[in-house]
Amino acid sequence: MVSAACICSITYFKTNKFLIWICHIQITIATEVSLFYDHRILPLNCPAAKVISLYKKQHHLISKMSSLFPAANSPQRHSAQAATKRSKVSLQPGHSLMDWIRLTKSGVDLRGTGPRLLEVTLEELNKHNKPEDSWIALKGYVYNVTRYCNYHPGGQAELMKGAGKDATNIFNKVHRWVNFESMLQACLVGRLVENTSFSSKKQLSLPPHSNTLSLNLASDLATSSTQLLVNVSDSNTEVSDKVIMTWNQSNTDVHVTWSMNGTSLSKYDLVCNIHDAGRLFQGEIYLENEVLMIGLELKEQVKKEISVTHNSLNNSIMVTLEKFAADKKWSILGSAMQSHCQSIPRSLHNHRYYLSHLISKTAITHDTCLYHFKLPDSCYMCVPVGYHVYLQADIGEICISRPYTIVVPDLCNVNSELLLDGRNLFMMIKAYNDGAFTSNVKNLREGDTLSISTYEGTFSISMLSLYQNVLMLCGGTGFTPMIRILHYCLHKSKKTVQLAFYNKTVEDILWMDKLSTLCMQFSGRFSIRHVLSQPGKEWNGEKGRIALAHLQDMLNACQDNVLVLVCGPMPFTEQALRYLSELGVNSNSIFTFT
Ligand code: NAD
């Protein structure tokens, strides 16, 4: 399901004893490029056959890595406090994503420059800045977006802000998670260059999405190889100034433990996996504002299943790796890959994707199902409350990612959170009739696979500790980010929650029966207000959309100490924010999932 492109360069250099071989793999899935380095040390008189076999091995590694290192990043959702906002416009009929896919496959010349790729100077790019002739540069490549403008979910005006320019920065701020390489492949004009003349005949390399494998067996001396050769042998290794890694072994297992100086690591903070037939351990530790990369080439092979435990006494996380060869004593844990110990700001961190299996699909309403996915046994990821992951699929050869919040499968069961054990994930997904992506998801059957990204989000459960009351304003599936928060507030705290749930029809209300059960179970602490915008005749409850008077009523019941959570269609959220502002609610006490 995952489409990837790899560019690999292999370099080697000699010391007086060894030939050091370095493989640098660049994998692009979705919008971002992931880098992977591998190295081997060969005897100086290494026979050619060995080098060829190594090349084959690296090549195999590349194909393996393609399914393990996808990357698409992300700020799809922002808190009310976050700076960037994404807005959607209503597209004209005939301009859906599916229509765009059809157009790109129709053979229509969307480049407008013929089949050969061009080198485009900034000067030339600047000339194409009008709606009837707009080019845009993204990450070094130039696209003719004249025809795409009307299909752009953010509207033509938004896209035109980047016309005739290098729009990489704007793009990164607004939606780095979108796979534009795939989406705009048919519009590719060429590469952005500094001074070369327009229309050069020089053969150009395609951007990373284009299934090109360019292998450069250069004899240049590699310069920064030392980092690759650091053995992780110490039993107590400082991974950064904040994180400490220790390891030990029994006859059957290797245990690697991470802890932090002065603060704690929770079960959510480590995401990791084993790959390359049990030889590579990769992961990241999510710190407050940064992500610390972990990349170890293990000394010996381990079995693929990974097990992670959180020690709440010393707030450390321990990964247990089962030795492939039991009883074999490891002299060292392994070697650090170049990415090891690198710290990346959270906002710039690339997602990795895991090919996951659909375990079950349960109907919740006429158009919404609860999906239970399972990550591979070689992965571990516990998604924090209020966070989402991306599902990724190829639709008509275009790689598309969509965000979905992780939910608990049962609101009424006090132990539901335990099911989110680092491997099992639950999402509620509404299928839209014209939804290119959701109709694909709807057709998944048990056992089918789909790529699931590492998580992201900005909500912090600790925010709740400041408030006794929580007011949830939800429009339609905007209820999904509230599910785990509601579960926490009712089952794990003594907070009072009011849920104002705005839907079109009674058939659209998610988990209506479970919500009623909770109301009875937590009477006095939990209340619901259902409001329908397209009610049937039989509906006796409230009608209409979000209204100032509703909010006033609910806020009056909270005596000021209230956190307001908002999620739904964008106009709904904007309306809610306007009313809350009119009612004098402090913006610090509002969190929007957008
Ligand atoms: P929907 O179209 O069925 O609408 C649900 C209700 O929202 C309506 O009944 C109405 O009361 C209200 N509403 C809709 N348009 C409105 C408007 N213009 N002004 C005021 N109120 C309006 O909802 P849906 O199809 O379930 O879509 C839910 C939305 O929530 C989607 O846009 C989705 O992207 C968003 N969502 C966001 C997150 C997140 O975490 N950011 C999670 C889930 C859903």
Side-chain angles (χ1 to χ4, degrees), residues 74-82 84-91 97 153-154 175 177-178 364-371 383-391 400-407 426-439 441-442 453 455-459 472-486 499-512 529-536 539 541-551 565-580 590-594:
S74 73
Q76 151 78 344
R77 301 152 193 236
H78 308 275
S79 69
Q81 298 76 4
T84 27
K85 283 233 158 168
R86 192 177 60 96
S87 56
K88 278 189 167 186
V89 298
S90 303
L91 297 170
L97 176 60
H175 36 215
W177 55 281
V178 173
I364 300 291
T365 65
H366 60 105
D367 57 10
T368 304
C369 287
L370 179 72
Y371 292 79
V383 180
V385 174
Y387 276 50
H388 55 271
V389 295
Y390 289 89
L391 298 187
I400 299 174
S401 310
R402 291 280 183 269
Y404 292 101
T405 316
I406 300 304
V407 303
F426 300 85
M427 287 161 237
M428 235 182 232
I429 302 177
K430 174 169 172 175
Y432 293 89
N433 286 339
D434 55 352
F437 190 85
T438 55
S439 43
V441 173
K442 187 180 157 191
S453 78
Y455 65 69
E456 77 175 15
T458 51
F459 180 76
M472 297 176 168
L473 307 176
C474 316
T477 56
F479 172 61
T480 55
M482 311 294 173
I483 291 175
R484 286 175 76 191
I485 304 173
L486 180 59
L499 168 66
F501 202 175
Y502 302 86
N503 282 283
K504 285 184 181 140
T505 68
V506 71
E507 289 79 24
D508 294 328
I509 301 175
L510 300 170
W511 269 344
M512 194 176 182
R529 191 162 183 165
H530 286 295
V531 183
L532 298 185
S533 57
Q534 297 170 18
W539 179 253
E542 291 188 70
K543 297 171 190 167
R545 286 181 166 180
I546 189 164
L548 193 76
H550 295 167
L551 301 191
L565 305 174
V566 188
C567 189
M570 195 53 85
F572 166 87
T573 300
E574 284 165 355
Q575 186 66 72
L577 289 177
R578 277 192 293 273
Y579 287 150
L580 290 169
I590 305 170
F591 186 93
T592 58
F593 295 86
T594 56

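Fair warning: this is a prediction, and the values are worked out from it, not measured in the lab. Ligands are counted one by one from 1 in listed order, and the atoms in each one are counted from 1 as well. Counting from 1, the numbers follow the sequence of the chain as shown.
- Numbered from 1 in the order shown, with element, the atoms of ligand 1 that lie under 4.0 Å from a heavy atom of Thr480 read 42 (C), 43 (C).
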**Request:** Go through Ile509 and Leu532 one step at a time and tell me if the side chain to side chain contact (heavy atoms under 4.5 Å, CB included) criterion holds.
**Result:** CA-CA 9 Å; Ile509 301 175; Leu532 298 185; 4.1 Å; yes
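- From Thr480, atom OG1 reaches atom CG of Leu370 across 11.0 Å, with rounding to the nearest 0.5 Å.
- By the 4.5 Å heavy-atom criterion applied to side chains, Met570 and Thr594 are counted as neighbours.
- Evaluated by nearest non-hydrogen atom to atom 12 (C) of ligand 1, the leading choice among Tyr387, Tyr432, Phe479, Phe572 is Phe572.
- Annotation for Ile364 and Leu510: closest pair CG2-CD2, 4.0 Å, computed over non-hydrogen atoms.
- The aromatic rings of Phe437 and Tyr404 lie parallel to each other, their planes meeting at an angle below 30°, with 60° marking the opposite boundary.
- Here the CG-OG1 distance, from Leu580 to Thr592, works out to 10.5 Å after rounding to the nearest 0.5 Å.
- Of the possible donor and acceptor atoms, one in the side chain of Arg484 sits under 3.5 Å from a partner among the backbone N and O of Pro384.
- In Cys567, the part holding a heavy atom less than 4.0 Å from any atom of ligand 1 is the side chain.
- For ligand 1 and Thr594, the ligand atoms under 4.0 Å from any heavy atom of the residue are 41 (N).
- Here the shortest heavy-atom distance to atom 3 (O) of ligand 1, taken over Gln575, Lys430, Arg402, belongs to Lys430.
- Below 4.0 Å from some heavy atom of Asn503 lie the following atoms of ligand 1, by number and element: 9 (O).
- Close approach of ligand 1 to Pro481 is summarised as follows: ligand atoms under 4.0 Å from at least one heavy atom of the residue are 40 (O), 42 (C).
- Ligand 1 places these atoms under 4.0 Å from at least one heavy atom of Gly568: 29 (C), 30 (O), 35 (C).
- Using a 4.0 Å cut-off to heavy atoms of Gly475, the atoms of ligand 1 that qualify are 5 (C), 7 (O), 28 (C).
- Under a 4.0 Å criterion applied to the non-hydrogen atoms of Gly478, ligand 1 contributes the atoms 30 (O), 43 (C), 44 (C).
- Each of the atoms 39 (C), 40 (O), 41 (N) of ligand 1 lies under 4.0 Å from some heavy atom of Phe593.
- Trp511 has its side chain within reach of Met428: a pair of non-hydrogen atoms, C-beta onward, lies under 4.5 Å apart.
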